[in-house]
2 protein chains.
Amino acid sequence: MVVYRELSDSLRGAIERGEFKEGEQMPTEAEICERYGVSRHTVRQAFQSLVADGLVYRVPGRGTFVTRLSRRGKYLRSIGTLEEMMSWTGTEMEVMQPVEITEDVEHARRLELPSAEVATLRVRRMYGGRPFVMTQIYLTPEAGERLREKNLPASGPGTVIGTLEEILPSPIVGASQELTAIPSPRFISGLIDCKPGEPLLYVERLYYLEDGTPVELAISYYNPKRYSYRLELRRGGAH
Amino acid sequence: MVVYRELSDSLRGAIERGEFKEGEQMPTEAEICERYGVSRHTVRQAFQSLVADGLVYRVPGRGTFVTRLSRRGKYLRSIGTLEEMMSWTGTEMEVMQPVEITEDVEHARRLELPSAEVATLRVRRMYGGRPFVMTQIYLTPEAGERLREKNLPASGPGTVIGTLEEILPSPIVGASQELTAIPSPRFISGLIDCKPGEPLLYVERLYYLEDGTPVELAISYYNPKRYSYRLELRRGGAH
DNA sequence: AAGTGGTCTAGACCACCAT
DNA sequence: TGGTGGTCTAGACCACTTC
């Protein structure tokens, strides 16, 4: 484990245990250098991570302060980063239709595939035993094949994209999302406990690798009575 | 202007002008150090900003590469950062109800105010002359007073939060958002060209200062036929 | 005047990738 | 084996805040 990561974890833990209270000033860089026996650069790297997570904020000439609790961890799920999306704790997945290969020109094009061949599967997600989202997933045929060999369990925790991440040779680095509201299609409503025509939260999400190659297109239909999309925006750190 | 910022702007410009093509390898850190006469640390700071914006990606042992164009600037509006939200180019604001002070226990509580007194105003946003969103805004009485003195124009480009930013003594550093789908309330539908009961995209957004103090609560109703919320997720740089 | 975080330099070692 | 980015050290100067 690298030093700055250990240091930031240590500081993060101290904040979460309440050893530094909200609004309070944190130790200065110089103090931490001495106490942990590391260079100032390493301390700054550690703080950078805490600032990015919104746990602390820094004011030149004054110091480093713990962000007020009311602005943190307020929500059970705040999906503002890719990591959070890939390990969705507290919910369960149920595979409704296992991976199969089909011809689908439109979704093959979305995945920038050369032919019309795509892999597809359908999953449902439950919270407290009740379904709140139905997702149709499209994959490149290669990814679909690997997922089939892996033998995805019919139900349980975890996510398809998280499973895929373990299988693929290179990491998933991003996703572009589009959210809107639509009337519930008839074939969806029964699966997530709502009536046809009622408003649904519709989300399209395209995951891609570091070179920009798309690997998964996920189209989700959320029951808005059981789920709302929460998101934290922050002013960029390096701008 | 600081050096690393000049350097990152220079590299950003070169990428946008197509001097480094998509997928192509960028100059190495050592090359840039020599060419610009700066230290390696400064070059790394500059690259950090480009990575955060998704313009380039870096692979240990191999090099730095320009992200494929299809993963960037694909959308007219991709609201993934606070900056983008505060200067919403291409759209126009229309004030439907100017700032007034009222008593409103619920929204005063959301703004963590000591009394029930809040300032409120209602604005509509147009794209190509057609309305696509109605927003009810709640402010602290102080912020509302300042906004009223400023004499917000009845219509034009810009945003309320952007105007507020110029007025306030300390900067807005973040916002927490919640998105869901609702049936259109009767009092909204006529204002954004849709029918009562049709699905709307409903967004609540609470802006706050660096110490966590809330300053503005914006509740927006979007016509989903004219707007969808686009968002880019990336794997964190400092995690 | 002393202390804070922000920036910058010069140098070092490492794991990893390509050849 | 040489080159890449990732990490770390030790030291410096600066603008700004606080006293």
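What you see below is based on every heavy atom in this structure, not just the backbone, and it leaves out hydrogens, waters and symmetry mates. Every value quoted in this text rests on a predicted model; they were computed, and no experiment measured them. Order of the sequence lines sets the chain letters (A, B, ...), proteins ahead of strands, with each chain counted from 1.
For A:Arg44, counting side-chain heavy atoms from C-beta on, the closest listed nucleotide (C:dG5, D:dT7, C:dC8) is C:dG5. The side chain of B:Glu29 lies closest to D:dG5 when the candidates are D:dG5, C:dT7, C:dG6. For A:Val3, taking side-chain heavy atoms from C-beta onward, the closest of the listed nucleotides C:dT9, D:dG5, D:dC8 is D:dC8. The side chain of B:Val38 approaches C:dT9 more closely than any other nucleotide in the set C:dA18, D:dT18, C:dT9.
Residue B:Thr64 has no polar side-chain atom (N or O) positioned under 4.0 Å from OP1 or OP2 of D:dT4. Using a 4.0 Å cut-off, no side-chain N or O of B:Thr42 falls inside it from OP1 or OP2 of C:dT7. In terms of phosphate contacts, A:Tyr4 brings a side-chain nitrogen or oxygen within less than 4.0 Å of OP1 or OP2 of D:dT7. Side-chain N/O atoms of B:Ser39 include none lying less than 4.0 angstrom from OP1 or OP2 on C:dA10.
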**OP:** Dump the intermediate steps for side chain to side chain contact (heavy atoms under 4.5 Å, CB included) on A:Thr64 and A:Tyr57, then the final yes or no.
**Re:** CA-CA 6 Å; A:Thr64 304; A:Tyr57 63 93; over 6 Å; no
Subject >> side chain to side chain contact (heavy atoms under 4.5 Å, CB included) between B:Gln136 and B:Leu217, intermediate numbers included >> reply: CA-CA 8 Å; B:Gln136 185 78 39; B:Leu217 172 65; over 6 Å; no
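Nucleotide C:dC8 holds its P atom 13 Å from the CD atom of B:Gln48, rounded to whole Å. For the pair A:Gln45 CD and C:dG5 C1', the interatomic distance rounds to 16 Å; values are reported in whole Å. Atom CZ in A:Phe47 sits about 12 Å away from atom P in C:dT4, given to the nearest Å. Here the C1' atom of nucleotide C:dT4 and the CD1 atom of A:Ile32 are 13 Å apart, to the nearest Å. As a whole-Å value, the separation of B:His41 NE2 from C:dG6 P is 11 Å. Here D:dT4 presents its P atom at 11 Å from CZ of B:Arg58, a figure rounded to the nearest Å. Between the P atom of C:dG6 and the OH atom of A:Tyr57 lies a distance of 13 Å, rounded to the nearest Å. Note: CG (A:Leu7) to P (D:dT9) measures 10 Å, nearest angstrom.
When each of B:Gly61 and A:Gly63 is assigned the nucleotide of DNA chain C bearing its nearest heavy atom, the one mapping closer to the 5' terminus is A:Gly63. Comparing A:Pro60 and B:Arg62 by the nucleotide of DNA chain D that holds the closest heavy atom to each, the one mapping nearer the 5' end is B:Arg62.
A cation-pi arrangement is present between A:Arg58 and A:Phe47, with the terminal nitrogen or guanidinium carbon under 6.0 Å from the aromatic centre and inside a 45° cone about the axis. Stacking of B:Arg110 on the aromatic ring of B:Tyr138 is not recorded, the 6.0 Å distance cut-off and the 45° axial limit not both being met.
Between the side chain of B:Arg40 and the base of D:dG6, a donor-acceptor pair under 3.5 Å is found.
For the 3.5 Å distance criterion, the side chains of A:Thr135 and A:Arg205 fail to qualify, holding no donor opposite an acceptor.
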